[in-house]
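Right, one structure below, let's go through it.
Reminder, nothing fancy here: chain letters follow the sequence lines and each chain counts from 1.
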Protein chains: 2
Amino acid sequence: MTKKNKASQAIGIFDSGVGGLTVTHALVKLLPQENIIYFGDTAHYPYGGKSVAAIQSYSIKIAHMLLQQECKLILIACNTASSVAYDLLKEYIGSKAIVINVIDPLISWIKNECAHKKIGLIGTKQTVSSNIYKRKIDELGKGIQLSSYPTGLLASAIEEFGRHEIVGNLLDVYLAHPSLQNIEALILACTHYPVVKDKIAAFYDHKIEVIDSSAIVAQAVQEELKIANLLNPDGGHRRQFYISDYDYTESFVSGTKLFFDEDINLEHYPLWD
Amino acid sequence: MTKKNKASQAIGIFDSGVGGLTVTHALVKLLPQENIIYFGDTAHYPYGGKSVAAIQSYSIKIAHMLLQQECKLILIACNTASSVAYDLLKEYIGSKAIVINVIDPLISWIKNECAHKKIGLIGTKQTVSSNIYKRKIDELGKGIQLSSYPTGLLASAIEEFGRHEIVGNLLDVYLAHPSLQNIEALILACTHYPVVKDKIAAFYDHKIEVIDSSAIVAQAVQEELKIANLLNPDGGHRRQFYISDYDYTESFVSGTKLFFDEDINLEHYPLWD
């Protein structure tokens, strides 16, 4: 395949469900000429409470499918999968595609913006217990103190209730935890959370920085494609959105709008049938 | 196999997770001499938002495993699977084992206790949208009016928070829905919900009957085994608890105690690996 042909290939993005659409939305705003294949593994949603081995095996199977579709870059748009399956996917994919997770771009950003600060983090149980953010932030040697707390139910609550008051109540319970006090910034380590970024900022009286990685990750994708000379020069506009199990309820479809800001057509891709 | 040998075989019970332990607990209290094999499909938990086809395929695979272990009776301890997979499992299992779901015993009970009443129901999205309770209750011809409402997040909230105040807040949001007012009884159509039965009763000022099917289902199992002359006469006490994906977090283990009232040893059974 020539370089030009390869540049027109799609960016493959996957997540455990529809949360990764927040990053996808940031990406299509920044790079509207790119073709996109999105895969939401709704058959196994949520990943946050699953074991490391399970998440790794799901990720490998999805990556294999995205490679078969000749994606030039694979973006792991899920913090849980980024936490426990990135190294494995890098190894598995090798030189066949660029692999980007949602954690490393954020760490680079924090390195420049948060030196000597005390920052908090919220994410799924698995993201927090993997300890990956803490390890990477400690490696920066920038005197950053990180305090993490698992907010297991938050992603599902946002998926069902959007910005309803009950999500605010749940946030109040989680954010009141001692480990999330006296912080100067808070990392949203789950792609669902940007939907309630305003509520989170309000909890802290808008006095701390709420760090949403969507735009930062989109920029990292742009940069990597530029370095590899793989930015799509043409106005291609193929966008496919697959999910592994189709739930036909209205709340699910309206949910996608909450994450992507526009209506999208979800197709069932029976990867596990 | 002789009848006596068959009587000593286990009762197989399955659910999408640990919620089915509430029914299992009622069962071991009523029939302490029975051997039990429990399978919680934590790899696919929660079933409530999955498609009919997905839930059916999971149920078939689990039933096949329980048959291989020579279970004399298979109890579908999950309302969602009972709603959409019971007929299929009956057909698949044939005369190899007795099959019992958590819905029909409750319908029989309602027939005698709730004639001409207006009753409500809460359950997962899939249980409610299957419309199975409504259809079966209408078939009774007892003038019972049923009004159902999906409470999708409640099972996961109970699993994470137990009886914490936030679960009460969530219940307040759900139970305030117009379709659940002016009722004389409320069916808890999910095996997780008995854990917060008191909170639900309190919401209605203890003026309505909150119908928890655990004991009713346990009695149905006893009755079916009696009819088939398959009650275990000996004091066998083999109890195995399997889950398809093991989450090692503490909250999960403490969660099982909430549902079963005593510590149990969960083993990983990699049915999907």
Side-chain angles (χ1 to χ4, degrees), chain A residues 17-18 41-58 61 80 124-130 150-162 164-174 176 243-252 255 268 270-273, chain B residues 17-18 41-58 61 80 124-130 150-162 164-174 176 243-252 255 268 270-273:
Chain A
V18 295
D41 188 11
T42 52
H44 299 108
Y45 174 85
Y47 279 4
K50 304 284 190 294
S51 69
V52 170
I55 297 162
Q56 288 178 333
S57 81
Y58 305 152
K61 194 148 178 174
T80 307
T124 66
K125 284 194 232 174
Q126 196 55 267
T127 297
V128 170
S129 68
S130 77
T151 50
L153 198 64
L154 189 53
S156 296
I158 292 169
E159 227 163 82
E160 177 164 344
F161 286 100
H164 185 287
E165 193 189 345
I166 186 70
V167 178
N169 296 341
L170 183 62
L171 273 174
D172 288 346
V173 172
Y174 281 135
I243 47 178
S244 53
D245 183 37
Y246 203 167
D247 178 349
Y248 291 90
T249 60
E250 274 177 38
S251 76
F252 191 76
H268 181 209
L271 191 57
W272 275 272
D273 292 358
Chain B
V18 295
D41 188 11
T42 51
H44 299 108
Y45 174 85
Y47 278 5
K50 304 283 191 293
S51 69
V52 170
I55 297 161
Q56 288 178 334
S57 81
Y58 305 152
K61 193 148 179 175
T80 307
T124 66
K125 282 193 231 174
Q126 196 55 266
T127 298
V128 170
S129 69
S130 77
T151 50
L153 197 64
L154 189 53
S156 297
I158 292 169
E159 226 161 85
E160 178 165 342
F161 286 100
H164 184 288
E165 194 190 343
I166 186 70
V167 178
N169 296 341
L170 184 62
L171 273 173
D172 288 348
V173 172
Y174 281 135
I243 45 177
S244 53
D245 182 36
Y246 203 167
D247 179 349
Y248 292 87
T249 60
E250 274 177 39
S251 76
F252 191 76
H268 182 209
L271 192 56
W272 275 271
D273 293 0

Heavy-atom distances under 4.5 Å only: say whether [X] touches chain A with side chain, backbone, both or neither.
X: B/S57; answer: neither
X: B/Y47; answer: neither
X: B/F161; answer: side chain

B/L154 side chain reached by B/V167 side chain, heavy atoms, under 4.5 Å: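 Sidechains of B/L154 and B/V167: in contact.
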Student check: side-chain heavy atoms of A/Y174 and B/I166 closer than 4.5 Å: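 No, their side chains stay 4.5 Å or more apart.
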Distance-only side-chain donor-acceptor flag, B/S156 / B/Y45, under 3.5 Å: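 Note: B/S156 and B/Y45 side chains meet the donor-acceptor criterion.
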Polar contact flag, side-chain donor to acceptor under 3.5 angstrom, B/T42-B/D245: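 Distance-only check fails for B/T42 and B/D245.
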Contact origin within A/Y58 toward chain B - heavy atom pairs under 4.5 Å: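 It is the side chain, since no backbone atom gets that close.
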